[in-house]
Amino acid sequence: MKLGLLLGAAVAPLVMAGAASAEDAVRAPDYNEGPATAVAEVIVTGRPVLRNRADDVVPTLSYDLEYFQRFEPLTAGDALKRVPSVAFLSDVLEYDGVRLRGLDSGYTQILINGERVPGAGVDRSFFVDRIPAELIERVEVVRSSSANRSGDAVAGAVNIVLRDALSLDGGYVRAGALMFDDSEYGQWGGTFGAVWGGQVGPGRLLVGANVQDRRNPKFKFSERYDAPNGTLDNVEAQTDVRDGADYSFNAAYQVDVAGGELALSGLFVRTDRFQDEDSLEYRNGVQTEANLLSVNDNDLDILTDNLSLDARYSRDMFGGKTKFKLGYAMIDDDQYEFENESEYLRDGTPYPDEDRFTADATDVRIKDEEWSGALEHKRDLNGLTLDFGVQWAMKERDSLIAEAPRIRFNVPNAPGVRPIVPPFGAFEAVPGGDSLIEETRIDPYVMLSGDRGAVKWEAGLRYETTDVTITDETADAADRVTEVDYGFLLPSASLRYRLNDTDRLIVSAARTVRRPSFDRLSPALLEEEFGDSDFIGNPHLKPESAWGVDVGFERQLGRRGVVGVNAFYRAISDLVEEVNTGAEGSAGAGTFIYTVDNVGDGKVWGVEFDLSTPLDFIGMETTGVFLNYSWLDSEVEDFMGTRRFNSQSDYVLNFGFTHDIPTWGAAFGATYRKQGEAAARVLAEEVRTAYGADLEVFLEKRVASNVVVRLTGSNLLNASKDEVFDKFGSVQDQIDRSYDEYELETEKGGPVYQLVARMAF
């Protein structure tokens, strides 16, 4: 959708419960008032918006949408990149898999409205760039665990809270234009959305819809050597353009029924995306036609639908409050990819005489559905609060990954003519590619909490039971169906101690788990998966488990500022690592079949600092600053010795400011982000990744009592992603440092500009 300079886009449900109307909320609040109401976050309020000081016992950082909104994030991932300890290992300008505390995405639990959601990733992760930022009411980073939540949160949890039927009284529209940096005059896109909330019948209704263009143009350049400081074999210049649109619709209805409260909500998001990668490879690093080695055309079509439906009913009964929950969540991911490659100089004859043509095609279809329910009860018990209940979930993940037979033929030199490329043949499932994974979980829990004087605490037990059936149609008949079951007792406890009127101490300890990645469960044999060696999965893997502790100190600064420091430690057992079965691989002598098993232990630790405050203590009450810095480290033993957890960045830094000019109805601000280097070591390959810094700015002006216009720019420093690959033919070559290839790759993206108007009504 190309909307040119149309000032249009995006949904936005905003008004805190109890606000009079969206238009009334346009007026800047008095500094003695409480939190901003209605659409205050989209209209200049005359004061900076800061991090919330959460009242939860479990260590939690809470950020309302207003904290992010002025920089106009397109997705939840764009918003989360400013949050302490959140790292990404994505391409430039991509923020998809959250790596809380720098750990793999599978260690972070992503919740929507407090509930788990399935993702397309084989590591069970959910890509947060699938959620438009306009749907968010707030984001919570939950550093530890509680008995009433799923224990799949070794690194912590990110809870994306969407707006409910009480969020808005009135409505607004958001419209905008986006300019991407991949042509002389820029490539234009747009965004449009609207939201409305109000009384409908006996209850309250909120509805919103949103459509927005997304485009990410990048340039990559690779240099390949025979070894470090060795001979340059070839270089590759590549363009990579990811172009598409996101569509979303959300609704919520809340009504009193039979003495209780019924809340219904639904969310649908469609991602329609096309990725076009084109590359030219040159001999000896000389970029001329005479040295052209290959021309590659790689296209990927992605169509992903996310659907989430939720019903909750609560009422007072049995001496307390009882809540019933029923939910359905689904992701349907359909991807078609083809890659065509023309090769030259195989016989010494340069371009345009083609020597060989190769074509490959892959079709991926994944549908992951999960039904969930819960029966929960809370009641007072002699001055304490007792929570208990049982949560249930049933998952079905149906995967079909198929490839067409490779098309490959040699082309004789002139005067020969390349034959007509035939159509692809019938697609067939790859090894491990036709599978059904069924999981049933029944998780009872009990939790006791109290509040006495300066101390607020909670303690609980959760027992998670899981029955898994793995059906792999590509495996041998004897291994086609595998049934596994396991259970984990997960204790947790948190305490918050108010030291004085401004300071408080928060301590939390919990046991958590990480369930195995789906691709590690398949018993199908994958040939030459690690260099020349093969790999076979292990359907009997059990989850990793971790004991963890968080200790934090938080101080209130003035009336609205907050500064905090938190130290954390995780001791992880039964790590899933590759092991050698000792059997000879399909490539013959010197190669092996590897698998995965629960072996060894690891530990993760770090210190997190965050500051968010207005500068009113020096007379600058309309200027707000924020700074967060996370120092991260870890240790694990693998086949070569000690290393950090794979791809854990050693630090994450964010800082910035906002400044309001109430007399002009204007504001401006900037934010700076830098993520530390990360390293990974797997069988036959190692990679080191570094990112450049990201700078964003915004300028905004109120042009009417209920209209604000905002100009934002992101990636203003043209950030790069730089990777170093050490590649080996076998694990023994890796140990001996006998290189198969040494590659340096740099990826760069240009700035993105947005011009957005918001109007409340």
Side-chain angles (χ1 to χ4, degrees), residues 61 63 68 71 73-111 119-133 136 139 141 153-160 214-216 218 220 240 242 246 271 273 275 304 604 606 608 610 628-632 634 644-656 671-680 687-696 714-723 745-749 752:
L61 304 181
Y63 301 87
F68 314 106
F71 295 95
L74 291 177
T75 71
D78 290 334
L80 283 167
K81 67 184 181 182
R82 298 178 182 85
V83 172
S85 286
V86 170
F88 293 90
L89 198 69
S90 316
D91 288 349
V92 173
L93 295 176
E94 299 277 336
Y95 304 98
D96 45 25
V98 172
R99 302 176 63 87
L100 197 58
R101 288 160 171 173
L103 296 181
D104 184 84
S105 299
Y107 288 105
T108 300
Q109 184 179 82
I110 301 298
L111 306 171
V122 294
D123 61 354
R124 302 172 182 264
S125 62
F126 178 84
F127 281 180
V128 292
D129 67 344
R130 298 296 191 264
I131 303 297
I136 301 172
V139 169
V141 178
V154 173
V158 174
N159 185 25
I160 301 172
R214 291 180 62 194
R215 187 176 178 87
N216 186 7
K218 304 183 295 295
K220 295 182 181 179
D240 181 359
R242 305 183 179 189
D246 293 335
T271 299
R273 193 175 194 185
Q275 298 182 184
T304 304
V604 185
E608 302 156 317
D610 76 281
N628 59 72
Y629 179 84
S630 302
W631 171 75
L632 311 169
S634 59
R644 296 162 65 97
F645 273 66
N646 277 338
S647 300
Q648 183 192 36
S649 298
D650 51 8
Y651 72 86
V652 181
L653 168 68
N654 292 281
F655 67 86
T671 180
Y672 175 92
R673 183 179 191 275
K674 187 72 169 67
Q675 181 174 307
E677 184 173 305
V687 59
R688 297 181 299 281
T689 305
Y691 289 89
D694 181 20
L695 175 66
E696 296 181 299
S714 59
N715 195 36
L716 298 181
L717 299 179
N718 295 328
S720 67
K721 177 184 180 182
D722 302 307
E723 293 182 288
E745 181 179 280
T746 296
E747 174 185 279
K748 289 188 176 182
V752 178

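Counting begins at 1 with the first residue of the sequence.
- Defined by atom type and a distance below 3.5 Å, a donor-acceptor pair is present between the side-chain atoms of Gln675 and Ser649.
- Every side chain to side chain donor-acceptor pair (under 3.5 Å) that Arg644 has, sequence neighbours left out, goes to Asp633, Gln648.
- Between Phe88 atom CZ and Asp129 atom CG the span is 8.5 Å, to the nearest 0.5 Å.
- Of all heavy-atom pairs spanning Gly106 and Ser125, the tightest one is N-CB, 4.5 Å.
- For NZ of Lys674, the number of neighbouring non-hydrogen atoms (other residues, nucleotides, ligands) closer than 6.0 Å is greater than 12.
- Taking the salt bridge (Lys or Arg N to Asp or Glu O under 4.0 Å) definition, one finds that Asp246 meets it with Arg214, sequence neighbours left out.
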Do Thr108 and Val98 pass the side chain to side chain contact (heavy atoms under 4.5 Å, CB included) test, and can you show the C-alpha distance, the side-chain angles, and the key distance before you say yes or no?
CA-CA 7 Å; Thr108 300; Val98 172; 4.0 Å; yes
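- No hydrogens or angles considered: a donor-acceptor pair under 3.5 Å links the side chains of Asp722 and Thr746.
- Taking 4.0 Å as the cut-off between side-chain N and carboxylate O, Lys81 and Glu94 do not count as a salt-bridged pair.
- Of the residues Val652, Asn628, Leu653, the one that meets the side chain to side chain contact (heavy atoms under 4.5 Å, CB included) test with Arg673 is Val652.
- Nearest heavy-atom pair, Tyr629 versus Tyr651, reported as atom, atom and distance to 0.1 Å: OH-CB, 3.5 Å.
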Could you walk me through whether Leu80 and Val158 satisfy the side chain to side chain contact (heavy atoms under 4.5 Å, CB included) test, starting with their C-alpha distance in whole Å, then the side-chain angles of each, then the deciding distance to 0.1 Å, before giving a yes or no?
CA-CA 9 Å; Leu80 283 167; Val158 174; 3.9 Å; yes
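- Taking the side chain as every heavy atom from C-beta outward, Asn159 and Val139 never approach each other to under 4.5 Å.
- A distance-only check finds a donor-acceptor pair linking the side chain of Ser630 to the backbone of Ser85 [under 3.5 Å].
- Although no hydrogens or angles enter the test, the distance criterion places a donor-acceptor pair under 3.5 Å between the side chain of Asn715 and the main chain of Gly749.
- Contact detail for Ala133 and Pro73: the closest heavy-atom pair is CB-O, 3.2 Å.
- Put simply, CG on Asp91 and CG on Asp240 are 6.5 Å apart, with the number rounded to the nearest 0.5 Å.
- Using a 4.5 Å cut-off on side-chain heavy atoms (C-beta onward), Leu61 and Pro84 make contact.
- Summarising the geometry, atom CG belonging to Asp694 is positioned 7.5 Å from atom CG belonging to Leu93; distances are rounded to the nearest 0.5 Å.
- Side-chain contact between Arg99 and Leu89: present, with at least one pair of heavy atoms (C-beta onward) separated by less than 4.5 Å.
- No donor-acceptor distance shorter than 3.5 angstrom exists from the side chain of Glu696 to the backbone of Phe71, with no hydrogens or angles considered.
- Rounded to the nearest 0.5 Å, atoms CZ (Phe127) and OH (Tyr95) are 15.0 Å apart.
- Within the 3.5 Å criterion, the main-chain N or O of Ala155 finds a donor-acceptor partner in the side chain of Arg101.
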Decide side chain to side chain contact (heavy atoms under 4.5 Å, CB included) for Glu677 and Arg688; before the verdict, give the C-alpha distance in whole Å, the side-chain angles of both, and the deciding distance to 0.1 Å.
CA-CA 7 Å; Glu677 184 173 305; Arg688 297 181 299 281; 4.2 Å; yes
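- Taking both residues in full, the closest heavy atoms of Thr75 and Val128 are given as CB-O, 4.3 Å, listed atom of the first, atom of the second, then distance.
- Contact of the Lys218 side chain with the Lys748 side chain is not registered, since no non-hydrogen atoms from C-beta on lie closer than 4.5 Å.
- Interatomic distance, CG of Asp123 versus OG of Ser105, reported as 5.5 Å (0.5 Å rounding).
- Put simply, the side chain of Thr304 reaches to within 4.5 Å of the side chain of Arg130, judged on heavy atoms.
- Of the inter-residue distances, the one linking Tyr672 atom OH with Leu716 atom CG reads 12.5 Å to the nearest 0.5 angstrom.
- Between the Asn216 side chain and the Val92 main chain, a donor and an acceptor come within less than 3.5 Å of each other.
- Within the 4.5 Å cutoff, the side chain of Val141 has heavy atoms near those of the Val83 side chain.
- Heavy atoms only, all atoms of each residue included: Ala87 and Gly102 are closest at CB-CA, 4.2 Å.
- Here the closest non-hydrogen pair linking Ile110 and Ile160 is CG2-CD1, 4.5 Å.
- By the 4.5 Å heavy-atom criterion applied to side chains, Asp104 and Phe645 are not counted as neighbours.
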